[in-house]
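Naming: A, B, ... by sequence-line order, numbering from 1 per chain.
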2 protein chains.
Amino acid sequence: MADRNVANLMGRGEGLLFLTDEQLRRGIEAMFFAYRGFTADPDRILQDYGYGRAHHRAIHFINRSQGTTVNNLLSILGVTKQSLNRVLRTLVDDGLVESRVGTRDKRERHLFLTPKGAALERALSEAQRNRMRDAYRAAGPEAVAGFRTVLEQMMNLEMRRHYLDGVDGTK
Amino acid sequence: MADRNVANLMGRGEGLLFLTDEQLRRGIEAMFFAYRGFTADPDRILQDYGYGRAHHRAIHFINRSQGTTVNNLLSILGVTKQSLNRVLRTLVDDGLVESRVGTRDKRERHLFLTPKGAALERALSEAQRNRMRDAYRAAGPEAVAGFRTVLEQMMNLEMRRHYLDGVDGTK
DNA sequence: CAGTTTATGTCAGCCTTGTTGACTTTCCAA
DNA sequence: TTGGAAAGTCAACAAGGCTGACATAAACTG
């Protein structure tokens, strides 16, 4: 039976962990619902501004790296400049993002959140932090540590892939 | 400083866990990248069929609950029937999904994966299981247990919200 | 049985956000 | 001084959300 189709996870010490395909399937599904919940609150806030998730992503990464360039943002987000530009234009026009011509290299534009943009960022990230805290609180501190470890690994795997995509021509 | 803005997580026993806003921000970001990586492999497979994530979701949930009705699927996915129908039509036309008229209630359509549909489902979920196993293996069994606990909590929070949305009129 | 509700499907039109391709302007660096 | 990188813009298109309107068949209800 496929029911006993198990994965042997040889971890870093601490013995073994066996997961059936069914357990992995439930993990996959949990990712789907968790992510949907994770974006639900910001989506509602953004609606009041007529913005979407693309705006949220731009705001998030500009906040994380104030003064980042457009090219930088492009490679992090992995979209085309036309897509990003459409979003950035509305954010600049609405006074949430400031685009300063570079001093060293005047071709570059350095992106900053205005006070208004920073306020929206705080509202968005606060909603997500609250959601995350709720889950953490319900799961307990020990589970949280494990969660963060696995999530970091998943992120690393993705960053590695993303990086390689940018280097070779396969894109 | 906002740097020392900490969240006190009173867990189920086992003491306390303090997380700064910065740590929570990194968690939020990790979710973004992890989910992107999580959908990257299926996205590539789907491209060969001219399908998108919407098709993947339909296939996944039909596989999970063979014989489910259209209405059922609608409430799980949380999209409009017009959106879902567009996707289902192509899947039925392409012979991946079979739509059988209900026996007890002939208004209902029960959805099944054909062998061809089941094959695609296996390819998609295998890609995701592999990705998940890679992260699990790198993180170790103890972390995996915690990861699954927190993810379950995040899913539960979302399911609860989703359910309430359907019950009261707020939508 | 008549009327209403439910389940499904479909048409038309709109929005966001992704894509490609072509082109311009600016300006650094060899 | 000139080639090419960085940035921006225009146009066109596609996927996949949405709303609203409407059709049909089946089931339910008084």
Gap separating the CG atom of Asp43(B) from the CZ atom of Arg53(B), nearest 0.5 angstrom
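Rounded to the nearest 0.5 Å, the CG-CZ separation comes to 4.5 Å.
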So how far is it from Gln128(A) CD to His60(A) NE2, rounded to the nearest 0.5 Å?
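So the CD of Gln128(A) and the NE2 of His60(A) are separated by 8.0 Å.
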What does the list of N/O pairs under 3.5 Å between the protein and nucleotides 28-30 of chain C look like, with a distance for each?
none

Write down the distance between [atom1] ([X]) and [atom2] ([N]), rounded to a whole number of angstrom.
X: Leu111(A); N: dA6(D); atom1: CG; atom2: C1'; answer: 13 Å
X: Arg44(A); N: dG17(D); atom1: CZ; atom2: C1'; answer: 17 Å
X: Gln47(B); N: dT19(C); atom1: CD; atom2: P; answer: 11 Å
X: Leu46(A); N: dT16(C); atom1: CG; atom2: P; answer: 12 Å
X: Arg53(A); N: dG17(D); atom1: CZ; atom2: P; answer: 10 Å
X: Arg36(A); N: dG17(D); atom1: CZ; atom2: P; answer: 11 Å
X: Arg109(B); N: dA26(D); atom1: CZ; atom2: P; answer: 9 Å
X: Asn72(B); N: dT8(C); atom1: CG; atom2: C1'; answer: 14 Å

Tell me whether [X] is salt-bridged to [Y], with the criterion being a basic N under 4.0 Å from an acidic carboxylate O.
X: Arg131(A); Y: Asp134(A); result: no
X: Glu98(A); Y: Arg100(A); result: yes
X: Glu29(A); Y: Arg25(A); result: yes

Report the relative orientation of the aromatic rings in Phe147(B) and Phe147(A); use parallel for angles under 30°, tilted for 30 to 60°, perpendicular for over 60°.
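Rings of Phe147(B) and Phe147(A): parallel, under 30°.
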Five pairs per end, C1' atoms only: what is the angle between the end axes of the helix from dC1(C)-dG30(D) to dA30(C)-dT1(D), to 10 degrees?
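The angle separating the two end axes equals 20°.
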Of all heavy-atom pairs between Ser125(A) and Ile28(B), which one has the smallest distance, and what is that distance?
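Heavy atoms of Ser125(A) and Ile28(B) come nearest at O-CD1, 4.0 Å.
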Which residues share a side chain to side chain donor-acceptor pair (under 3.5 Å) with Arg89(A), sequence neighbours left out
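By the side chain to side chain donor-acceptor pair (under 3.5 Å) rule, Arg89(A) matches no residue at all.
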Proximity to DNA chain D (any heavy atom under 4.0 Å), residues of residues 81-100 of chain B only
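Close to the strand are Gln82(B), Ser83(B), Arg86(B).
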Starting from the C-alpha separation in whole Å, work towards a yes-or-no answer on side chain to side chain contact (heavy atoms under 4.5 Å, CB included) for Leu24(A) and Arg133(B).
CA-CA 8 Å; Leu24(A) 287 169; Arg133(B) 264 195 289 263; 3.2 Å; yes
Can you list the residues that meet the salt bridge (Lys or Arg N to Asp or Glu O under 4.0 Å) rule with Arg129(B), with sequence neighbours excluded?
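With neighbours one apart ignored, the set is Asp21(A).
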Assess the residue pair Phe61(A) and Asn72(A) against the criterion (side chain to side chain contact (heavy atoms under 4.5 Å, CB included)); give the C-alpha distance rounded to whole Å, side-chain angles, the decisive distance to 0.1 Å, and a yes or no.
CA-CA 10 Å; Phe61(A) 285 105; Asn72(A) 229 312; over 6 Å; no
Under 4.0 Å, heavy atom to any atom of DNA chain C: which of residues 55-67 of chain A qualify?
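Residues of residues 55-67 of chain A that come under 4.0 Å of DNA chain C are, in numerical order, His55(A), Arg57(A).
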Mark yes or no for whether Arg36(A), through its side chain, and Leu77(B), through its backbone, hold a donor-acceptor pair below 3.5 Å.
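Present.
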Could you check Thr114(A) against Val97(A) for side chain to side chain contact (heavy atoms under 4.5 Å, CB included), going step by step and ending with a plain yes or no?
CA-CA 5 Å; Thr114(A) 64; Val97(A) 167; 5.8 Å; no
For dG18(C), does OP1 or OP2 lie under 4.0 Å from any side-chain N or O of Thr80(A)?
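For dG18(C), OP1/OP2 do not have a side-chain N/O of Thr80(A) under 4.0 Å.
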Which is more 5' along DNA chain C, the nucleotide nearest Val101(A) or the one nearest Ala54(A)? Just name the residue.
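With Val101(A) and Ala54(A) compared, the 5'-side residue is Ala54(A).
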Is the distance between the ring centroids of Tyr35(A) and Phe33(B) less than 6.0 Å?
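Ring-ring flag for Tyr35(A)/Phe33(B): false, centres at least 6.0 Å apart.
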